[in-house]
Peer 1: 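Once you've had a glance at the structure underneath, I'll fire off some questions.
This chain uses plain numbering: 1 for the first residue, then up along the sequence. We count ligands from 1, going down the list as the structure has it; atoms in each ligand are counted the same way.
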Amino acid sequence: MIHQNRRKELLSQLDDNCVLILSTNPEQFRNGDVTFPFRPQSDFFYLTGFEEPEAIAVISKESYSMFLRPKDETREIWDGTRLGLTQAPSNLKLDHAYDIGQLEDKLAQLITADSCIYFDAKSCTLDSKITNLLSQYNLKSLQASLHEMRLIKEESEILTMQKAANISSAAHTLAMAQVTPGMFEYELQSVFDSHFVKNNTQHAYTPIVAGGKNACVLHYIENNQPLKSGDLVLIDAGCELDYYASDITRTFPVNGQFSEPQKQIYQIVLDAQLAAINSIKPGADVHMPHKIACDIIQQGLENIGLLAPGESLSKFYMHGTGHWLGMDVHDVGKYQVNKQHRVFEKGMVITVEPGIYIRKDDKIDPIYHNIGIRIEDDVVVTDQGNTVLTGSLIKTINEIEALMSQTNL
Ligand code: GLY
Ligand code: MN
Ligand code: MN
């Protein structure tokens, strides 16, 4: 029902002659006969609820059709059951089901000369085929309307995101409790792998488990170095549950105790993050969390002499403070409308993730070298303000040191 309601809502915003075409990828080969785990395309799944690979939905005000893989006894013995053309209409609430192999013959029949076609091609072979078949039409993008819908989460979506956030938060707690000096980064990653699989979820993105200086490489994913006593470890990891992502970063000391310089930097990031989260409420400018975080980090680094007054912050903080979160970890939705920052609305979900990254540099006091800290939470805009979906996961210095001094989790 939920997918049907979304289709109805989307169609109500478009002209009567609109035809929406959405595809989901065929299986992708990793190597040899091995495929990557399949995951439907987010826009497609949002509107159809169909989880099989290699399908195309054709949606208009008059009819709803799907091209999909037919039943195939041999392939089903190897790869599992397919819904097939007979079951598809009742199961997916379709008017018509077609064999994906008949795309060339049938697609044109679903379109008339005055159809207004919405189709956003991605870089996959199926989409090139569609683009070729529709070469005589002027194709419009569905993103402006569909992605605005996806940006505002329904209650059921927020519930799923809360569950994903809880599972990821529990994994971060286990990692804090189980880390020991000498452990390799990948061993600490295995805490997340195991916890996510036990909860029937998977990583929403490649996790970062970065000890010491590795935390200053923003997209570090090798995760293959030993963790040293005296260093911090930064972990950016979150699970995807039922196609909804969580996205959490915590940074903590490998030996359970922050050094004084680490505490100084950590507290600046935490102060920036808390103030940024506090600014999120309906009607507030979506750029405000970043501005607030930058101001606090700038002031904090000036106070301890790492920046001269007014000196650019960009060598220590070079990324944004957040992004929309939903079915995609960097979720869809515009940040600006008419070249102006938009304002928060109830149901939007955004990450808040300031950081400070101090690489080795002769001009910087060595006590701060190789400290990389980020703290990231997932925040949903509510009627009056916000709720931190990842709020159950500890992040103050005292909380982290207290938890890490117990060893029996
Ligand atoms: N984990 C991806 C990000 O924080 O943007
Ligand atoms: Mn993020
Ligand atoms: Mn992240």
Peer 1: Show the atoms of ligand 1 that are less than 4.0 angstrom away from any heavy atom in E376.
Peer 2: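 Those qualifying, in numeric order: 4 (O).
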Peer 1: The Mn ion (ligand 2) as vertex, arms to OE2 of E376 and OE2 of E353: angle to 10°?
Peer 2: 80°
Peer 1: Among all protein heavy atoms in this structure, tell me which lies nearest to atom 5 (O) of ligand 1, with the distance rounded to 0.1 Å.
Peer 2: H330 NE2, 2.6 Å
Peer 1: Do N224 and E185 pair up side chain to side chain, a donor and an acceptor below 3.5 Å, judged on atom types alone?
Peer 2: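 Their side chains do not contain a donor-acceptor pair, so the 3.5 Å distance test is not met.
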Peer 1: Verify the distance criterion only: is there a donor paired with an acceptor across the side chains of H290 and T321 at less than 3.5 Å?
Peer 2: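 Distance-only check passes for H290 and T321.
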Peer 1: Mind checking whether H319 and Y317 have parallel, tilted or perpendicular rings, split at 30° and 60°?
Peer 2: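 H319 and Y317: perpendicular rings.
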Peer 1: Tell me the nearest of L325, T206, D247 to atom 3 (C) of ligand 1, using heavy-atom distances.
Peer 2: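 Among L325, T206, D247, the closest heavy atom to atom 3 (C) of ligand 1 belongs to D247.
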Peer 1: Suppose we only count N/O/S atoms under 2.8 Å; would H323 qualify as near the Mn ion (ligand 2)?
Peer 2: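 Yes, H323 qualifies, because one of its backbone or side-chain N, O or S atoms lies under 2.8 Å.
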Peer 1: Any N/O/S atom of D236 sitting less than 2.8 Å from the Mn ion (ligand 3), backbone or side chain?
Peer 2: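 True for D236.
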Peer 1: What is the ring orientation for Y335 with W324, classed by angle as parallel under 30°, tilted 30 to 60°, or perpendicular over 60°?
Peer 2: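 Geometry flag for W324 against Y335: parallel rings.
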Peer 1: In Å and rounded to the nearest 0.5 Å, what is the CD1 to OG1 distance from I56 to T48?
Peer 2: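 One gets 12.0 Å once the value is rounded to the nearest 0.5 Å.
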Peer 1: For S229 and N255, does a side-chain donor sit closer than 3.5 Å to a side-chain acceptor?
Peer 2: yes
Peer 1: Looking only at N, O or S atoms, which one in D247 sits nearest to the Mn ion (ligand 2)?
Peer 2: OD2
